[in-house]
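To start, the structure under review is shown below, and the notes come after it.
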Amino acid sequence: MAEEPQKPSKTNNTTPVAAPVRHVGRKGFLPITTNLWDRFFIGGVLLVAIHLLWLRFIEFYLPLPIATVISLILMYVIMRWG
Amino acid sequence: MASRPLRKTLGGVVTYLVWIFMSVFTLLPIYWMFVVSARSRVELFGGPNLIQTTFFAENYLKPLSNPAYRGYLVNSLIIATSNAVLVMILAIMATYALSRYRLKGDANIFFWTITNRMAPPAVFLLPLFLLYTRVIKIGEWSLFDTHIGIILIYCVFNLPFAIWLLKGTIDGIPAELDEAALVDGANTLTVIVRIIVPLAAPTIAISGILSWIFAWNEYLFAATLTSVNARTITTGLAEFVTVTGTNWGEMAAMAVVAILPGLLFLSLVQRYIVTGLTFGAVKE
Amino acid sequence: MRATRVGWGLLAPTLIILGFVGVVPFLYVVYVGFFDWDIFAAKVGMVFAGVNNYRRLVFDSEYLAALGRTLQFMIWVVASELLLGFGLAQLLAKNFWGRSVFRTIHALPLVVAPIAVGATWRLFTIPGFGPLPYYLDKWFGIEYSISRYASHAFTTIVLMDIWHWTPFVTLTLVAGLTALPREPFEQALVDGANRWQVFRYLTLPLLTPVLVTTTFIRIMDALRVVDEVWMLTGGGPGTSTRFVGLHIWLVVFPKTAYGYGAAMSLLTLYFTIVLSWLLFIAITQSGKQTAS
């Protein structure tokens, strides 16, 4: 890369790309350590997944708002204790 | 077990065999395209002879003398160049800000810009098409089929990339240098132009070149968001198959023209290109 | 202390552009996805349709098939490119005569426009005058045709993608390998570790961050492949190589079913995000466990 003047203290200026993992979180009942944002994300993903599966397999028997209620409860549980 | 020198020679032989095979595998399709571009129709269907001695220039001359295709080439040049310049300027400013100022949530901003590059373009085709043709409309004017519209879209892919590349370099420039200049009464703009730009010049150049290549190579957005005025060379290349059918010689010639800038840049600044293509990971 | 206002000012143009072409379309596609909007239909305007588009989408077998096909393609190309690239990186990390020449040739496909990659491979494999079908038939008696057999078309696309993107994997891994610290390896030699142990307990764990990032980038790129496939097979024969990006493109624009297309785009984005997130978690977490 650039031949910029650099302080000798910076011994290794080859910075290979590394995944930006900054995990400051805690361990709940989920198998991974998560922070609040992670759990919100997981809850959101599950919310969409439940709705889609519901549309495909269950809506024939039960209306969709039930899925919404279930996934919102699930989201709360995950964000609270996950 | 084999003795040490024998194993070493054996390893060397294997290395060369593998790399010669890989090079043939890489070059053969490209070489074949050159061959096709140099053949007339009659020659072409005479069987796939891999050796070419004649050169059928009409394949090149015919599309290049067609004003439509010349227009595509000019558009590609305009779009790629303006995009590269815009990306370089914005990326220097943004990276300098991310590197030197303690802004609230700057790490998140950095990460967010990177995720932009990862988005699947097919997903954004429809909303951008609708925004460009229907939503953002002033009278008869809309962003659809304009150079600026396409240039802006390419920024989404090139800016994060350029910021990613520049971050390491600008972080590596000692902050004391610009602190000193600021104490001497220079303003931020002067610091950027006089100190940052010269010191980070190679990386800036490489991010510009890679942005240029990306803009030159892009097809999907160019095909969807332009119709006549801002069509680029890649869409012209695709039209050879979908519209005019099977004029393979001319198509190959256009493909050669389309890949030439990339090859040129690669041969000129090979090491830097490799650096950029691997997200700034290669350094020698 | 520097004025943060200047910092934000410098950042502003970038944020505005990325917001305008990145975030606004995203929000807009979410919005349009809940409407019925087909400019060729009887009702021209947007009609609120709730989740109707999604209701239709989860039963759209063509879309789901395209999704499955894309996954299959992704697994094939990412796995083969990682294996091949890893092997090639091992060979390229050592110094030998002519190394930079080989590396430049290897990097060549990376600067070729995807659409030109498709054109190149089409010319190379076209039945009639392409050398590949000709010599396969002449030397091995194999009848090979990407326009007739779905499996041939699929294999060729995988091969084309390997041709196009293995260099990326190789070059990133070479970078990772050359950046590794020397001391642990010297120590291991002193301790009498064999090659396999060095590879298993030193190279692999130390290289994991780079491997993860490379895999990640390759997965995202494989999921969004359009241009090359469009140029090579046009999604055919039949719909056998219609990957999801190509499917969206081919379905939405000729039919101008905007609401449905928006739902389709959004669902694809959802799957992409979920998949990459799952992989990310899986890889980083497993890495953590082996390390501790």
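Throughout, a chain's letter reflects where its sequence line sits, starting with A, and its residues are numbered from 1. Atom set for the values below is all heavy atoms of this structure, side chains included, hydrogens, waters and symmetry mates excluded.
- Between chain C and the residues B:I92, B:V156, B:L189, the most heavy-atom pairs under 4.5 angstrom are made by B:V156.
- How far CD1 of C:I115 is from CD1 of B:I233: 11.5 Å, rounded to the nearest 0.5 Å.
- Residues C:T104 and B:L266 meet the side-chain proximity criterion, which asks for heavy atoms closer than 4.5 Å.
- Only the side chain of C:T272 comes within less than 4.5 Å of a heavy atom of chain B; its backbone N, CA, C and O stay farther away.
- Residue B:I163 touches chain C through its side chain alone, counting heavy-atom pairs closer than 4.5 Å.
- Interface remark: B:L260 contributes no atoms to any contact with chain C (heavy atom separation under 4.5 Å).
- Contact of C:V112 with chain B is made through backbone and side chain together, with heavy-atom distances under 4.5 Å.
- Contacts between B:L143 and chain C at a heavy-atom distance below 4.5 Å involve the side chain alone, from C-beta outward.
- No other option in B:S23, B:P261, B:A122 has as many heavy-atom pairs under 4.5 Å with chain C as B:S23.
- The part of B:Y132 that comes within reach of chain C is its side chain, from C-beta onward, which places non-hydrogen atoms under 4.5 angstrom from that chain.
- Heavy atoms of B:W32 lying under 4.5 Å from chain C belong exclusively to its side chain.
- To the nearest 0.5 Å, atom CH2 of residue C:W8 and atom OH of residue B:Y101 are 12.5 Å apart.
- Interface remark: C:W121 contributes side-chain atoms only to the contact with chain B (heavy atom separation under 4.5 Å).
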Open item on the list: Using the rule given for side chain to side chain donor-acceptor pair (under 3.5 Å), can you reason through B:Y219 versus C:W230, listing the C-alpha separation, both sets of side-chain angles and the distance that settles it, and then say yes or no?
Closed with: CA-CA 11 Å; B:Y219 168 70; C:W230 168 239; 3.2 Å; yes

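- Taking 4.5 Å as the limit, every side-chain heavy atom of B:L131 sits out of range of all side-chain heavy atoms of C:F20.
- Between chain B and the options C:V24, C:L266, C:L269, C:V32, the largest number of non-hydrogen pairs under 4.5 Å is found for C:L269.
- Counting only heavy atoms from C-beta outward, the side chains of C:R99 and B:W19 never approach each other to under 4.5 Å.
- Ranking B:V35, B:L128, B:L220 against chain C, the residue ahead of the rest is B:L220, based on heavy-atom pairs under 4.5 Å.
- Atom CE of C:M231 sits about 9.5 Å away from atom OG1 of B:T234, to the nearest 0.5 Å.
- Two residues are said to be in side-chain contact when any heavy atoms from C-beta on lie closer than 4.5 Å; B:I30 and C:W163 meet this criterion.
- Neither the backbone nor the side chain of B:F214 comes within less than 4.5 Å of any heavy atom in chain C.
- By number of non-hydrogen pairs under 4.5 angstrom with chain B, the leading residue of C:V29, C:L267, C:L91 is C:L91.
- Ranked by heavy-atom pairs under 4.5 Å with chain C, the first of B:L130, B:L263, B:I259 is B:L130.
- Between C:R122 and B:M33, every side-chain heavy-atom pair lies at or beyond the 4.5 Å cut-off.
- Interface remark: of the candidates C:S276, C:G22, C:G118, C:G22 forms the most heavy-atom pairs closer than 4.5 Å to chain B.
- Within a 6.0 Å radius of OH in C:Y135, other residues, nucleotides and ligands contribute more than 12 heavy atoms.
- Atom CG in B:L27 sits 6.5 Å away from atom CG in C:L108 (nearest 0.5 Å).
- Heavy-atom distances place the side chain of C:V23, and not its backbone, under 4.5 Å from chain B.
- In terms of heavy-atom proximity, C:L123 sits nearest to B:M251 at CG-CE, 4.0 Å.
- Heavy atoms of C:L223 lying under 4.5 Å from chain B are absent altogether.
- With values rounded to the nearest 0.5 angstrom, B:L152 atom CG is found 11.5 Å from C:I16 atom CD1.
- Between chain B and the options C:I126, C:T268, C:L84, the largest number of non-hydrogen pairs under 4.5 Å is found for C:I126.
- Proximity to chain C is limited to the side chain of B:L159, based on heavy atoms less than 4.5 angstrom apart.
- Taking 4.5 Å as the limit, every side-chain heavy atom of C:V21 sits out of range of all side-chain heavy atoms of B:C155.
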Open item on the list: Before you tell me yes or no, could you show the steps for C:Y258 and B:L126 under side chain to side chain contact (heavy atoms under 4.5 Å, CB included), namely the whole-Å CA-CA distance, both residues' side-chain angles and the distance that decides it to 0.1 Å?
Closed with: CA-CA 7 Å; C:Y258 292 148; B:L126 180 70; 3.5 Å; yes

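- Looking at C:L88, both its backbone and its side chain come within 4.5 Å of chain B, counting heavy atoms on both sides.
- The heavy-atom pair separating B:L125 from C:W249 by the smallest distance is CD1-CD1, 3.3 Å.
- Residues C:F26 and B:F124 place their aromatic rings such that the two centres sit no closer than 6.0 Å.
- C:D227 places no side-chain N or O within donor-acceptor distance of the main-chain N or O of B:E218, the cut-off being under 3.5 Å.
- Interatomic distance, B:Y16 OH to C:W97 CH2, rounded to the nearest 0.5 Å: 6.5 Å.
- Across all their heavy atoms, B:P127 and C:P25 have their closest contact at CB-O, 3.3 Å.
- Interface residue B:V36: only side-chain heavy atoms are found under 4.5 Å from chain C.
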